[in-house]
Amino acid sequence: MPFRFNLMSLAGPILVLMVLTLFILPLPPFLLDLFFTFNIAVAIIVLMVSINTKQPLEFSAFPVVLLMTTLLRLALNVASARVILSSGNEGEAAAGKVIQAFGHFLIGGNFAVGIVVFVILTIINFVVITKGAGRIAEVSARFTLDAMPGKQMAIDADLNAGLIGEDDARKRRRMIAQEADFFGSMDGASKFVRGDAVAGILIMVINLLAGMVVGMVMHGLAFTEAGKTYTLLSIGDGLVAQIPALIISTAAGIVVSRVGDENDLSEQILGQLFAKPVTLYITSAVIGLFGLIPNMPHVAFLLIAITLAGVAYWMEQIEKKKAATTKAPDVAAMQAAQQEREKQMQEVGWHDVAPVDPVGLEVGYRLIPLVDRNQDGELLRRIRGIRKKIAQDLGFLVPAIHIRDNLELKPNAYRIQLKGVDLGEGEAYMGQFLAINPGRVLGPLPGTPTTDPTFGLPAIWVDGHLRDQAQSLGYTVVDASTVVATHISNLLQSHASELLGREEVQQLLDHIAKEFPKLVEDLVPKIVPIGTLQKVLQNLLDEGMHIRDMRTVLETLGDHITKTSDIDDLTSAVRVALGRAIVHQLFPGESELQVIALDPSLEQVLLQASQGKGGGLEPGLAESLLKQASQITEKMESQGMSSVLITPPQLRPLLSRFLRRSIPQFRVLAHGEIPDNKTIRIVEVLGGRPAAA
């Protein structure tokens, strides 16, 4: 296998080896100049990247960069200290031009001032910037970890509603884990920078004192000359290391203090700090008043006041132009509306008879932007995602959802209809978020209490700035479009059988015929009437089963329809053929099925009832049976198990129809539907009061 040389993969090892070399080998002044310049350049690059980063995770390598730059500065301090102590007697340029230049720049002819300024810079870096950035990272890591369960539940809710796919869900979960790891790493890495600041002061003191001793004892320099030379070299060395450290610490503070925004730092600051002209007018007035006070620098204060007033006026004019453009009347739209009204005055005809929409969504006027194509309504994209997800899960394409506004509804209300009949309703508030209480939140939230329209959980509508706080307290936080989309998805899936009409079945057959043309041609409608096929498919959907395996359904119906035309018998035969898929849907990946069994005496009573003319249950027995089934379901759900009852084939349709009306999550299997490679373990027994049918 040929060897592939990758320069980028060598960057890390080369940098580490270079740092180790600086710790061990002596360097000439020229190389010291190069490395100090390289250190400053790296610090500026890191600062620029931090400023232009929109999300902290975009610079996820920052903790490692922080560590490597700190080690590089310490290595340069060691290398420069070696040169200062060994060659400092040669003069101010003994440790290179960079150290000499920085020493002259800071000292400015006064050594005491130079030492004080250097100590002040180091304290600023150590006490203010680095400590603050570390504290932000520590708190962010803690809140990120606390908010992880709520964020995970929000991802699961979007996935179940069909708003995102498995790949997007995995990507979001990975980002949540990376965010927690990032802030935790930043909290630890900031300790390196704080230690570097302390080391800088100690190294400067050591270089100064040890240098003077070496200069006077070993090289015979006078006290004044030794003090001047080694003070300049020590301060220059410390400054050339501490300035990059200050830049890197500032970059760390910028990264960890960023709040998520689609703009970079400059756009975010300018867009929020100077967003309202009235604040600039007030500031201009206050600064102008200061400028009128006697003995104040009038020119400086008045110049700033005039500038702020000018900027505020300029921004105000821009806002007025935008408002005028938005409110300008659309003459063409008014004419089109007038023509439409004239058309409506024509004679009544069949065009006035509006057909009933299979699925409809009505919204109040404040929710219109969610479904307006011209405003790129978010809910439209989510509804397309819902239909795609249902088609992938159930195996057929649900009808399009007809959306209209209804002024009779409350401004923030919406209504979901099935074939013209109201199926569900709720309220959603644009610009706000619904914080749903899953049952284990850490504290209350200010907002409008309500109930989640989909699952009936207690919830609160909160403002956008409280979203992160709600997630950190354990709430599941979703926006207005997600609330409506999840409600629609839940209702469509629970009423899927009513959406499968003759037209949808024919479209499904046309689609299957492309892959199995001979199968469809021989069976439908020659042997299997399309009405019979529709009822069997509706029975499968009613019991929470998908109809993706249409080949098995058609072949099974073709084999059994000559023996019976009873829909329940045909459905039972299809379920036996699909038994492996049904069991996999209820017990994914499990070889042992934990199920509920019927009490033998109850089983005999039900068998007698199923053979009677009415085919129903005695009211007392039905009430007792339903009560016991509810108790068993609650018990098994608390243990993380599915509620699945196993019965003889004759009882399965009767019990399934009876129990799912009150307990939708309760499933009933016939013995013949369980594959041979599965074992059964009975964990509960459903028993009832013996009674005559």
Side-chain angles (χ1 to χ4, degrees), residues 154 157-158 160-163 326-327 330 333 337 340-341 344 354-387 398-438 441 444-467 469-470 475-495 498-499:
D158 287 348
N160 294 333
L163 308 179
T326 304
K327 295 181 179 179
D330 190 342
E340 184 65 24
R341 286 193 294 269
Q344 293 176 357
V356 175
D357 299 315
V359 185
L361 173 65
E362 295 182 346
V363 298
Y365 70 85
R366 288 183 181 171
L367 298 182
I368 291 177
L370 289 178
V371 295
D372 188 358
R373 295 183 185 275
N374 298 327
Q375 301 184 48
D376 194 23
E378 176 69 19
L379 186 56
L380 295 177
R381 294 195 297 272
R382 293 183 180 271
I383 289 176
R384 287 194 291 269
I386 290 172
R387 295 184 65 218
V398 300
I401 300 175
H402 190 273
I403 304 173
R404 63 172 65 88
D405 60 272
N406 187 347
L407 297 179
E408 296 180 0
L409 293 176
K410 294 180 180 179
N412 294 297
Y414 66 89
R415 179 189 298 161
I416 304 168
Q417 296 180 325
L418 179 65
K419 298 179 180 178
V421 179
D422 295 345
L423 196 61
E425 59 184 6
E427 287 187 321
Y429 295 86
M430 290 189 59
Q432 295 188 10
F433 293 87
L434 184 66
I436 304 172
N437 184 353
V441 297
L445 277 174
T448 305
T450 184
T451 301
D452 171 39
T454 306
F455 304 106
L457 296 174
I460 302 173
W461 282 104
V462 298
D463 293 331
H465 67 276
L466 295 175
R467 180 180 184 180
Q469 179 184 347
Y475 288 86
T476 300
V477 184
V478 293
D479 59 13
S481 61
T482 303
V483 171
V484 182
T486 304
H487 200 180
I488 294 173
S489 175
N490 182 266
L491 292 177
L492 291 185
Q493 293 193 20
S494 60
H495 294 78
E498 300 181 51
L499 298 174

Working to the nearest 0.5 angstrom, can you tell me the gap between [X] [atom1] and [Y] [atom2]?
X	Y	atom1	atom2	result
F455	T476	CZ	OG1	10.0 Å
L492	E498	CG	CD	11.0 Å
Q417	R404	CD	CZ	6.5 Å
I460	L445	CD1	CG	5.0 Å
I436	L457	CD1	CG	6.5 Å
R415	E408	CZ	CD	7.5 Å

Whether the side chain of R366 engages the backbone of Y429 through a donor-acceptor N/O pair (distance < 3.5 Å, no angle test) should be reported.
no
Within a strict 4.5 Å, meaning less than it, do heavy atoms of the [X] and [Y] side chains meet?
X	Y	answer
V363	L370	no
I488	I383	yes
L409	Y414	no
F433	V478	no
Q469	V462	no
H495	L423	yes
V483	W461	yes
L380	I403	yes

So V484 and I416, side-chain contact (heavy atoms from CB on, under 4.5 Å) or not? Walk me through it.
CA-CA 9 Å; V484 182; I416 304 168; 5.6 Å; no
R373, CZ atom: more than 12 neighbouring heavy atoms under 6.0 Å:
no
Given side-chain contact (heavy atoms from CB on, under 4.5 Å), test L379 with L361 step by step and report yes or no.
CA-CA 11 Å; L379 186 56; L361 173 65; 3.9 Å; yes
